[in-house]
Amino acid sequence: MIDDLLRGLAAVLTFDSLLLVAIGTTVGLFVGSVPGLTATMALALLVPFTFTMDPLSGMVLLGAVYTSSMFGGAFTAILINTPGTPGAIATTLDGYPMAKNGKAELAILVATVASVVGGLIAVIAVIAMASPLTDIAIRFGPAQYFWVAVLGLSLIAALSTGSLFKGLLGGALGMLIGTIGISPLGGESRFLFGYSQLQGGVQLLVALIGLFAIPELIRLAVSATKSVDVDYSRGSESLLHAISLTVRRPWNVLRSSIIGLVIGIIPGAGNNVAGLVAYNEAKRSDKNPSSFGKGNAQGVVASEASNNAAVAGSVVPLLTLGVPGSPPAAVMLGALMLHGIRPGSALFAESGTLAYGFILSLGVSALALLVVGVLGGRLICRAVCAVPVTYLVPGIAFMSILGAYSMRNSIIDVFIMIGIGIFAYLVRHIGLQPAPIALGLILGPIAEQGFSMSMLRGGAVHDVPAYALFDNWMSWALIAMVFVTLFWPILQEARRKKTEAAEGSE
Amino acid sequence: MARLFNTDMIAGLMGLVVTYVFYAARGANWSPLSAQWPNAILVFMAIVSLALIVKAVVAAAPDPIFDEGNPLRMVWAMGLLVAWVLLLPRLGYILTSVLMFYAMWFVVGQGVLREENDFRQFPVLSHLRAIAIAAALAVASHWLFSRILFVPLPRGPLGW
């Protein structure tokens with residue numbers, strides 16, 4: 001293993017590989033920061049360019065694009081409250097309030113440092129523990145997927161600002177939108193309302209652009225004043241300050257990276273779930289949870305560290321089992337197979353240099369983010385903040401429409417995006433926030449598949465089909481986490497009141 | 001002063017309306033595999049909506065709504081977004097983008113001036129600059145998407 005690791009390191013640190021990393025991170029940053037352009041799309045377009053390269057160089061390029069595009073999603077999340085990639089949803093929750101407080105540049109630098117640290121921690125963990133982590137991942141059955149989704153949905157309790165009932169209503173609305181289209185197991189068309197074009201369902205990114213970008217656009221047009229600006233009186237934000245903010249709470253960045261890594265390994269869960277779970281854990285364990293959602297840098301750290309750690313996580317089942325953990329990983333699987341390499345348990349023995357070289361290149365890409373993020377981040381931040389609101393509003397509309405259309409070359413998707421956006425703007429005024437709706441939309445289909453498949457299995461092995469949801473220790477571990485997530489804020493609030501009462505009586 | 005509304009009541013009623021709309025759209029012959037999950041969500045949604053209505057009656061807490069900026073510009077912004085989508089397949093990507101970008105620039109620009117109590121009009125040069133920026137963005141993105149990313153964008157009567 002050590003020999004392969006060193007050979008892989010030597011192959012990655014050549015001039016050619018480093019150049020590919022630089023190109024890949026730049027392309028990925030662009031792709032990630034434009035809502036509608038996805039990492040999967042960029043990787044699919046780049047695969048033909050890797051035909052003439054040796055397999056490791058090709059994978060280095062694709063890995064750099066994947067890593068960087070996850071990070072690029074943070075830019076729009078922070079600057080225009082729109083996650084460039086689904087993984088950056090949780091970044092909007094504190095990144096955008098930071099930007100509104102004049103700390104846009106600091107938020108981007110914190111996101112950069114957290115992404116780098118999260119990526120590096122995950123790469124080290126993958127090299128050390130790829131095999132045992134894979135063993136856990138392959139034990140995940142439908143019931144565990146269901147409980148992972150329920151765990152994610154329990155975050156609504158944490159994400160609901162103002163009213164838990166409204167948060168739950170938003171989550172249910174999201175899940176309902178997620179059922180539109182062909183049923184994944186039954187095969188029937190559901191809720192088409194006479195439009196056969198809805199059979200393909202509502203694309204996640206189309207809905208996210210609608211939920212986050214369009215309400216912001218309408219709000220900007222209504223108020224005709226900019227909400228995000230760089231506070232130049234603060235001077236240029238220092239990278240050291242961002243580093244100190246990130247590592248001041250080492251447990252937060254470490255925990256978020258581990259959450260990202262583990263969820264990334266589970267095929268299908270994806271980095272969007274990772275970001276939200278890590279955010280919730282950061283909020284739950286903080287001494288001042290009420291500061292989250294109002295511009296707490298630790299929220300940005302948690303989201304970005306975990307969604308970048310999930311990138312390294314998603315390549316573990318790809319390399320060890322030949323099972324991609326995410327859509328971009330599926331494209332990389334195709335690229336490997338086109339090069340005549342079959343991923344699986346024998347890959348590390350037969351092509352150890354390639355396997356370790358690829359994993360190490362993700363670490364190099366994470367480091368490259370520091371350069372690209374600091375230079376490009378400042379530039380993009382100041383450029384966006386310098387755009388007058390008169391151009392910002394049509395600019396957001398332009399990017400949103402282009403992004404929604406390019407998902408499937410479909411005008412229907414643009415209609416859906418605008419419809420969801422106008423709806424999201426209107427219901428925001430009655431207290432329904434976009435985050436719980438997005439959460440329901442992401443996790444509803446995962447929960448449905450897990451639930452329905454568990455019921456099918458339960459019908460075959462138990463008297464009561466629902467027992468299938470509880471017949472494994474991993475299910476119980478996840479159920480315990482759900483309870484902790486739901487009741488921890490109540491316990492914390494009770495403890496806070498008790499302390500306040502004790503202080504008041506003294 | 002902004003008017004106050006019982007938002008719990010509005011949210012609860014909206015939840016019930018959405019529940020009913022989706023309930024009425026259910027297929028009569030769905031297999032249990034297709035029906036179980038949406039049914040569960042609809043029941044859950046109805047319960048949460050009713051809980052909101054009860055809360056609205058028992059502990060009414062009115063909130064101000066639509067209390068930011070100019071509501072007329074909200075209607076304009078929504079109308080222009082809908083017009084953008086409707087015109088896209090008819091006029092093509094470039095023409096629609098330039099027209100709608102310019103229209104949105106004009107509406108927001110007028111809003112900025114009014115918010116500053118400035119009742120002058122933009123000079124002609126500002127209009128020309130907005131059109132030029134819109135055209136540059138539309139042409140550059142059309143080239144990027146159709147030539148580099150191979151995403152064909154809607155064509156108008158002139159072929160672009």
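- Residue contact with chain B, scored on non-hydrogen atoms closer than 4.5 Å, involves the backbone and the side chain of Leu169(A) alike.
- Within a 6.0 Å radius of CE in Met78(B), other residues, nucleotides and ligands contribute more than 12 heavy atoms.
- Counting heavy-atom pairs closer than 4.5 Å to chain B, the top residue among Gly440(A), Ser183(A), Gly187(A) is Ser183(A).
- Contact of Met100(B) with chain A is not made at all, since no heavy-atom distance falls under 4.5 Å.
- Highest contact tally toward chain A, considering only Ala35(B), Pro152(B), Ala51(B), is held by Pro152(B) [criterion: heavy-atom pairs under 4.5 Å].
- Ring geometry for Phe191(A) versus Phe193(A): interplanar angle under 30°, hence parallel rather than tilted (30 to 60°).
- For Leu392(A), no part lies near chain B; criterion is any non-hydrogen pair under 4.5 Å.
- Most heavy-atom pairs under 4.5 Å with chain A, from the set Pro89(B), Ser31(B), Ser49(B), Ser97(B): that is Ser31(B).
- Side-chain contact, Gln121(B) with Gln110(B): a donor N or O sits under 3.5 Å from an acceptor N or O.
- The part of Asn29(B) that comes within reach of chain A is its backbone (N, CA, C, O), which places non-hydrogen atoms under 4.5 angstrom from that chain.
- When the candidates Phe5(B), Trp84(B), Phe106(B), Tyr102(B) are compared by the number of heavy-atom contacts under 4.5 Å with chain A, Trp84(B) comes out ahead.
- A salt bridge links Glu115(B) with Arg73(B); the closest basic N to acidic carboxylate O contact falls under 4.0 Å.
- Both the backbone and the side chain of Ser452(A) have a heavy atom closer than 4.5 Å to some heavy atom of chain B.
- Side chains of Ser146(B) and Tyr93(B): no donor on one and acceptor on the other come within 3.5 Å.
- The shortest side-chain heavy-atom distance between Phe165(A) and Lys55(B) falls under the 4.5 Å cut-off.
- Remark: the backbone N or O of Phe22(B) is not paired with any side-chain donor or acceptor of Arg26(B) at under 3.5 angstrom.
- When each of Ile133(B), Leu80(B), Val107(B) is checked for heavy-atom pairs under 4.5 Å with chain A, Ile133(B) comes out on top.
- In terms of modelled atom types and a separation under 3.5 Å, the side chain of Lys166(A) and the main chain of Leu52(B) share no donor-acceptor contact.
- Heavy-atom distances place no part of Ile182(A) under 4.5 Å from chain B, backbone and side chain included.
- Remark: the backbone N or O of Val65(A) is paired with a side-chain donor or acceptor of Ser69(A) at under 3.5 angstrom.
- Distance alone, capped at 3.5 Å, places no donor-acceptor pair between the Thr7(B) side chain and the Gly431(A) backbone.
- The part of Phe44(B) that comes within reach of chain A is its side chain, from C-beta onward, which places non-hydrogen atoms under 4.5 angstrom from that chain.
- For chain B, the option among Thr179(A), Ile180(A), Ile422(A) with the highest count of heavy-atom pairs below 4.5 Å is Ile422(A).
- In this structure, the portion of Ile401(A) lying under 4.5 Å from any heavy atom of chain B is its side chain and not its backbone.
- Taking both residues in full, the closest heavy atoms of Ile209(A) and Gly403(A) are given as CD1-C, 4.2 Å, listed atom of the first, atom of the second, then distance.
- Contacts between Leu432(A) and chain B at a heavy-atom distance below 4.5 Å involve the side chain alone, from C-beta outward.
- Using a 4.5 Å heavy-atom threshold, the side chains of Leu99(B) and Leu91(B) count as touching.
- Only the side chain of Phe451(A) comes within contact range of chain B, with at least one heavy atom under 4.5 Å from a heavy atom of that chain.
- If you tally non-hydrogen atom pairs under 4.5 Å between each of Ala77(B), Ala103(B), Gly111(B), Pro38(B) and chain A, the highest count goes to Pro38(B).
- Ring to ring, Trp105(B) and Phe122(B) are close: their centroids are under 6.0 angstrom apart.
- Using a 4.5 Å cut-off between heavy atoms, Val112(B) touches chain A through backbone and side chain atoms alike.
- When each of Gly178(A), Ala224(A), Gly186(A) is checked for heavy-atom pairs under 4.5 Å with chain B, Ala224(A) comes out on top.
- Ala24(B) does not touch chain A: none of its heavy atoms, backbone or side chain, sits under 4.5 Å away.
- Contacts between Leu192(A) and chain B at a heavy-atom distance below 4.5 Å are absent for every atom of the residue.
- Salt bridge annotation for Glu448(A)-Arg190(A): present, with a cationic side-chain nitrogen under 4.0 angstrom from a carboxylate oxygen.
- Ranking Thr19(B), Val21(B), Leu88(B), Leu137(B) against chain A, the residue ahead of the rest is Leu137(B), based on heavy-atom pairs under 4.5 Å.
- No part of Leu72(B) comes within reach of chain A, as not one of its non-hydrogen atoms sits under 4.5 angstrom from that chain.
- Contact annotation for Arg114(B): neither backbone nor side-chain heavy atoms come within less than 4.5 Å of a heavy atom of chain A.
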